[in-house]
Amino acid sequence: MPSPDNHYPRVLAIYPMWKGVAFAVLESRTNLLDWGVAKLYSKDDEEFLQRVEGLIDRYAVDALVLEDMEGSRRRAVARRRVQRAVSYAERRSLGPVCVKWSDVQAYFRRDAPRDIALLLIEAFPQLGPSLPPVRRLWESEDGRPSLFKAVAMAVLGSHEAA
């Protein structure tokens with residue numbers, strides 16, 4: 001599946017979570033090809049890498065977009081998985097693109113992840129049903145906010161990978 005727009009690569013952004021991985025596939029900056037949250041059934045990093053490899057092969061991506069973990073306060077498992085995905089992308093000559101969350105916030109000119117999600121819904125209306133309600137303090141977070149983080153990283157990463 002080669003990208004129809006030769007100016008912009010097809011990118012896959014992944015956002016590792018404790019129990020899964022959020023992903024977004026963006027084609028030519030304006031076409032959100034696929035998105036979702038894939039559950040992981042084990043704590044093993046190999047299952048995570050198999051999911052990433054499957055997504056890369058399925059969508060024939062040109063670049064893998066990940067969060068730059070330097071100075072990140074995210075869990076060690078997320079940092080380790082991002083590093084393994086970067087190594088895998090380099091071995092596959094995919095040219096991993098690492099973006100800082102602060103750069104995503106600057107790009108969208110918003111600080112709050114929910115505000116960024118609302119902007120993404122304007123650009124990609126098909127994401128509307130995925131917007132979760134505002135989380136109350138006693139509720140645990142589901143995977144949908146991470147989905148929007150993956151889409152936001154894909155948008156910024158597609159600009160950097162071009």
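Just so you know, residue 1 is the first one in the sequence shown, and it goes up from there.
- Taking CG of Leu127 as the reference point, atom CG of Leu147 lies at 6.0 Å (rounded to 0.5 Å).
- A distance of 9.0 Å separates NZ of Lys100 from CD of Glu67, quoted to the nearest 0.5 Å.
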Under the side-chain contact (heavy atoms from CB on, under 4.5 Å) criterion, do Glu53 and Asp57 qualify, and how do the steps go?
CA-CA 6 Å; Glu53 181 179 4; Asp57 291 342; 3.7 Å; yes

Apply side-chain contact (heavy atoms from CB on, under 4.5 Å) to Val99 and Tyr107, showing your working.
CA-CA 11 Å; Val99 297; Tyr107 178 81; over 6 Å; no

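- Nearest heavy-atom pair, Ile116 versus Ala152, reported as atom, atom and distance to 0.1 Å: CG2-CB, 3.9 Å.
- The nearest pair of heavy atoms linking Arg84 to Leu49 is NH2-CD1, 3.4 Å.
- In terms of heavy-atom proximity, Ser158 sits nearest to Pro9 at O-CD, 4.4 Å.
- Remark: Ile56 CD1 to Leu64 CG distance equals 5.0 Å, nearest 0.5 Å.
- The shortest heavy-atom contact between Met17 and Ala22 is CE-N, 4.3 Å.
- Separation of atoms CG (Asp34) and OH (Tyr59) is listed at 3.0 Å; rounding is to 0.5 Å.
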Which is it for Phe108 and Asp115 under the side-chain contact (heavy atoms from CB on, under 4.5 Å) test, yes or no, and what are the steps along the way?
CA-CA 9 Å; Phe108 286 101; Asp115 293 340; over 6 Å; no

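- Side-chain atoms of Trp101 and Lys149, non-hydrogen and from C-beta on, do get closer than 4.5 Å to each other.
- Ser130 has its side chain within reach of Phe148: a pair of non-hydrogen atoms, C-beta onward, lies under 4.5 Å apart.
- In this structure, the side chains of Pro129 and Arg144 stay at 4.5 Å or more apart for every pair of heavy atoms.
- With Arg51 contributing its side chain and Lys39 its backbone, the two residues share a donor-acceptor pair below 3.5 Å.
- Between Phe23 and Ile14, the shortest heavy-atom contact is CB-CG2, 4.2 Å.
- If you take CG on Asp103 and CE on Met153, they are separated by 11.5 Å, rounding to the nearest 0.5 Å.
- At least one side-chain heavy atom of Val82 sits less than 4.5 Å from a side-chain heavy atom of Pro16.
- At least one side-chain heavy atom of Val151 sits under 4.5 Å from a side-chain heavy atom of Phe124.
- Partners of Tyr88 by ring pair (Phe, Tyr, Trp, His ring centres under 6.0 Å), not counting sequence neighbours: none found.
- The shortest distance between side-chain heavy atoms of Leu32 and Leu26 falls below 4.5 Å.
- Between the CD atom of Gln126 and the CG atom of Leu120 there is a distance of 10.5 Å, given to the nearest 0.5 Å.
- Residues Ala85 and Leu66 come closest through the heavy atom pair CB-CD2, 3.8 Å.
- Not one N or O on the side chain of Arg10 forms a donor-acceptor pair closer than 3.5 Å with the backbone of Ala60.
- A salt bridge does not link Arg81 with Glu47: none of the charged nitrogens is closer than 4.0 Å to a carboxylate oxygen.
- In this structure, the side chains of Val61 and Val11 stay at 4.5 Å or more apart for every pair of heavy atoms.
- Side chains of Leu131 and Arg114 form a contact here, defined as non-hydrogen atoms less than 4.5 Å apart.
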